[in-house]
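Shown next, in structure tokens, is the structure this report addresses.
Below, chains carry the letters A, B, ... as their sequence lines are ordered, and counting in each starts from 1. Because only heavy atoms are used, hydrogens play no part in the values below, and waters and symmetry mates are left out as well, while side chains stay in.
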Amino acid sequence: MRTSPSDISTLFDVSIPDPSVVPRYNIAPTQNVSVILQEGNSLESNRQWRFFRWGLVPSWAKDLSISHKLINARGETISEKPSFRSAFKKRRCLVLADGFYEWEKTDSGKQPHYFTQHNESVMAFAGLWEYWENESTVFSCTIITTTANSLLDPMHDRMPVILDSEDHQQWLDPDFYEKESLQQLIKPYSADKMTSRLVNKTVNHVKNETPDCLAIIEH
DNA sequence: CCAGACGTTGTT
DNA sequence: GTCTGG
DNA sequence: CCAGACGTTGTT
DNA sequence: GTCTGG
């Protein structure tokens with residue numbers, strides 16, 4: 001079951017963005033994703049729900065081409081990498097999704113699997129965001145990765161960092177920067193809370209945007 | 001000092 | 001912007 | 001992530 | 001193989 005905009009509003013204490021929220025089934029890098037961020041300071045929490053380009057564009061980038069390379073950030077090195085360290089200090093965010101795909105290489109091509117939480121509720125990926133101002137103004141984000149849990153491990157040695165709700169506030173607070181505390185949040189999500197299923201290859205084509213991407217296929 | 005890089009995943 | 005290499 | 005292109009000159 | 005576009 002898809003998490004509704006009003007559920008998101010309640011869960012993350014944000015108002016629903018102005019243009020109506022459209023459900024998405026196949027978000028590719030460079031397209032917009034749902035982001036929760038906190039403006040201002042910890043005393044005046046001002047959370048926002050925005051749509052940012054997936055693929056970070058640091059402020060110093062000459063053009064948007066770097067965005068393709070910065071769709072993920074390794075949690076292990078995030079505080080050192082020139083592309084990520086300033087955002088790690090003050091521009092952390094949550095990237096929302098009901099689930100994510102991983103591809104398995106098979107004889108019959110790339111087989112997508114769809115991963116969700118057991119309870120199907122929305123996932124909050126640990127992310128970073130940036131602001132780029134040139135010919136245009138671009139808000140962008142990246143998703144932090146860590147080692148795979150036992151569910152993902154057979155397909156892939158990495159997975160996105162998923163944050164528990166009790167950790168959201170600390171992650172989002174731009175005034176909070178205790179490297180050790182933040183780094184402790186960057187760990188694999190419990191496999192016990194997750195499940196996966198085979199879905200059809202519709203999702204392999206970026207232009208396919210329908211709920212058919214989630215259609216289950218038999219083993 | 002200036003110039004150039006700034007990244008991850010997965011595969012070999 | 002900031003760091004590294006030369 | 002996957003799919004698809006991977007090129008130039010010159011003409012419309 | 002590697003880059004670009006989505």
Salt-bridge contact [X]-[Y] (side-chain N to carboxylate O under 4.0 Å):
X: A/R197; Y: A/E120; result: yes
X: A/R85; Y: A/E80; result: no
X: A/R158; Y: A/D153; result: no
X: A/K110; Y: A/E104; result: no

To the nearest Å, give me how far apart [atom1] ([X]) and [atom2] ([N]) are.
X: A/W103; N: D/dC1; atom1: CH2; atom2: C1'; result: 5 Å
X: A/E102; N: B/dT8; atom1: CD; atom2: C1'; result: 13 Å
X: A/L64; N: E/dT4; atom1: CG; atom2: P; result: 13 Å
X: A/D157; N: B/dT8; atom1: CG; atom2: P; result: 13 Å
X: A/Q111; N: D/dC1; atom1: CD; atom2: C1'; result: 15 Å
X: A/L128; N: C/dG1; atom1: CG; atom2: P; result: 20 Å
X: A/H68; N: B/dC6; atom1: NE2; atom2: P; result: 17 Å
X: A/I143; N: B/dT8; atom1: CD1; atom2: P; result: 14 Å

Touch check for [X], heavy atoms < 4.0 angstrom, all strands: base, sugar-phosphate only, or nothing?
X: A/T145; result: sugar-phosphate
X: A/T30; result: base
X: A/Y101; result: nothing
X: A/I71; result: base
X: A/T77; result: sugar-phosphate
X: A/A61; result: nothing
X: A/K81; result: sugar-phosphate

Exercise for the section: With salt bridge (charged side-chain N to carboxylate O under 4.0 Å, His left out) as the test, would you mind laying out the steps for A/E39 and A/R91 before giving the verdict? Expected result: CA-CA 9 Å; A/E39 295 176 340; A/R91 285 180 303 278; over 6 Å; no

Phosphate OP1/OP2 of [N]: any [X] side-chain N/O under 4.0 Å:
X: A/N204; N: D/dA3; value: yes
X: A/S67; N: E/dT4; value: no
X: A/R74; N: B/dT9; value: yes
X: A/K110; N: D/dC2; value: yes

Separation of the [atom1] atoms in [N] and [M], to the nearest angstrom:
N: E/dT2; M: D/dT9; atom1: P; result: 26 Å
N: D/dG10; M: B/dC2; atom1: C1'; result: 42 Å
N: B/dA3; M: E/dG6; atom1: P; result: 34 Å

Problem - Polar side-chain contact A/H205-E/dG6 base: donor and acceptor under 3.5 Å - result: no

Completion exercise
Mate of B/dG7 across any strand shown (Watson-Crick or G-U wobble, both atom pairs under 3.5 Å) is none

Fill in the blank from the handout: Using Watson-Crick geometry (N1-N3 plus N6-O4 or O6-N4) or G-U wobble (N1-O2, O6-N3), each under 3.5 Å, D/dC2 is paired with E/dG5

Exercise for the section: Decide if the gap between the ring center of A/F51 and the ring center of A/F139 is smaller than 6.0 angstrom. Expected result: no

Handout entry: Centroid-centroid under 6.0 Å between A/F12 and A/H168 rings
Key = yes

Problem - Out of C/dG1, D/dC2, E/dG6, whichever nucleotide has its closest atom nearest the side chain of A/P82 - result: C/dG1

Handout entry: A/R85 side chain, from C-beta outward: closest of E/dG6, B/dC6, C/dC3
Key = C/dC3

Handout entry: A/W60-B/dC6 aromatic stacking (under 5.5 Å, under 30°)
Key = yes

